[in-house]
Protein chains: 2
Amino acid sequence: MDRIESVKNQKVKQWRKLHTKKEREATGTFIIEGLHLVEEALKTKEMIKGLIVSEDITLPTHWNVDQLNIILVTKEVMKAISDTEAPQGIAAICEFQKQHAADSWEKVLFVDGVQDPGNLGTIIRTADAAGIDGVILGEGTVDHYNSKVIRSSQGSIFHLPIVNGNLMEWLQVYNEKQIPIYGTSLQNGVSYREASSTEQFCLIIGNEGSGVNRELLQKTTKNLYIPIYGGAESLNVGIATGILLYHLRG
Amino acid sequence: MDRIESVKNQKVKQWRKLHTKKEREATGTFIIEGLHLVEEALKTKEMIKGLIVSEDITLPTHWNVDQLNIILVTKEVMKAISDTEAPQGIAAICEFQKQHAADSWEKVLFVDGVQDPGNLGTIIRTADAAGIDGVILGEGTVDHYNSKVIRSSQGSIFHLPIVNGNLMEWLQVYNEKQIPIYGTSLQNGVSYREASSTEQFCLIIGNEGSGVNRELLQKTTKNLYIPIYGGAESLNVGIATGILLYHLRG
């Protein structure tokens, strides 16, 4: 078992860099922190490259960490690699999800330019709860291996396939499969209640401010809006996603 | 028009204290920041006690600020009273909402111990969008005049009545009026789809970790759960609120 005492250790420097998208993409790895997230990651063991454990904590006895690369570190080292104020003393280096064949999904969420990490994490958690087959993230969407996204996803990042892609191209793929594609729009479109629930659908949700790209909206089967009955200008994008996914899946 | 240059000015010190619940309750006032929130507050002018404007910004020309108490401040003063990293140069001191008669509402949201300010703000925004008549906050719920709550509510805090109260007592009031009361629960209860939409209802949502208090759940008409189809353990409380309110109001 390795043990690292110095915050100047080369590995520690490398782990810290994983808080940047550039380093994550260069290495194909990301870092997660905290008991709950690591426990979720353990369920898909092949993703974990290394478990980083602060020497002042004891691993839960029900965890099976056989064959895992465990690295003991001091509290100072843990603090240095953490981006939270009160690190829980456990972190893991994980490998990116394998490439997924996104063309065999039946219930799909397209995310067009959601920028707030908390929103994207909550959206992934909601898509997981709603039993969506996979999520396709279009350009301009925040990196889903960002640590705030992972935290807000509460581990759902490990439960369902998430890919980056060109939404216009994927829209054509699903169009050819004759799966209904629903855009979302504040202005035009029909009330979401007019879309009936189906076994197969794609839902496109958009940026917090500007919504779904117009060119995408022109190629959809229907564009849906959620009626606003009170004084609010709009719903939070995560809330809208929840209402629509649970309505569409029936 | 008053003008304040020093961060040591007595008023500045008082405004800063409004970031604490204690001072808000002692004075019956709270502070809001940013163009959008102040614009929302202007629609209910009687709430604004004073408009604080940084001398480097110009007020939007369409704003009607006649008869308002305007105080010019330096950038430094604005920074001192703000709790955001990049203040927009405009803030307002507002009075608490008037006391509302919560017993005449037909669509009511009970909030039992939601602790995250972002969650409560999003919940209030969602209740506003769903056209709920009012919100009753039970003990253990974060103060709705907390600045993070107000920011996440995106101004909805000014659109619908919000009161603090004893949820058990209010539950009895609405029980006597024979309005159906729906609790929410992960374990027991029926799928929310079995509750039909009605003109009148109360919905109780609960704490992020422990849910709705058991004693409340025993006095409801029905307790509802939202089915989880994937690997997520639960939905975010704001998302659950959105799905349930839009389902119940039909």
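Chain identifiers are assigned alphabetically (A, B, ...) following the order of the sequence lines, protein sequences preceding nucleic acid strands; residue numbering begins at 1 within each chain. Atom set for the values below is all heavy atoms of this structure, side chains included, hydrogens, waters and symmetry mates excluded.
For a residue to count as touching a neighbouring chain, one of its non-hydrogen atoms must lie under 4.5 Å from one of that chain's; by this rule A/S152 does not touch chain B. Contacts between B/S234 and chain A at a heavy-atom distance below 4.5 Å involve backbone atoms as well as side-chain atoms.
Residue-environment remark: CZ (A/R249) exceeds the threshold of 12 foreign heavy atoms within 6.0 Å. Crowding of B/K43 atom NZ: a count of heavy atoms from other residues, nucleotides or ligands under 6.0 Å exceeding 12. Applying the 6.0 Å contact sphere to CD of A/Q67 captures no more than 12 heavy atoms from other residues, nucleotides or ligands. Within 6.0 Å of atom NZ in A/K49, 12 or fewer heavy atoms from other residues, nucleotides or ligands are found, so the atom counts as exposed in its surroundings. Residue B/E199 qualifies as open at atom CD: its count of foreign heavy atoms under 6.0 Å is 12 or below.
Looking only at heavy-atom pairs under 4.5 Å with chain B, the residue among A/G118, A/G155, A/P227, A/S153 that has the most is A/P227. Residue with the most contacts toward chain B among A/E233, A/H247, A/E40: A/E233 (heavy-atom pairs, distance under 4.5 Å). Between chain B and the residues A/A232, A/A240, A/G238, the most heavy-atom pairs under 4.5 angstrom are made by A/A232.
Heavy-atom neighbours of chain B within the stretch residues 123-137 of chain A, taken at a separation under 4.5 angstrom, comprise A/R125, A/T126, A/D128, A/A129, A/A130, A/G131. Within residues 87-114 of chain A, no residue approaches chain B closer than 4.5 Å by heavy atoms.
Formation of a donor-acceptor pair under 3.5 Å by the A/R193 side chain with backbone atoms of B/G250 is found in this model.
Between A/L235 and B/Y246, some side-chain heavy-atom pair lies under the 4.5 Å cut-off.
The CD1 atom of B/I239 sits 6.5 Å away from atom CG of A/N236, with the distance rounded to the nearest 0.5 Å.
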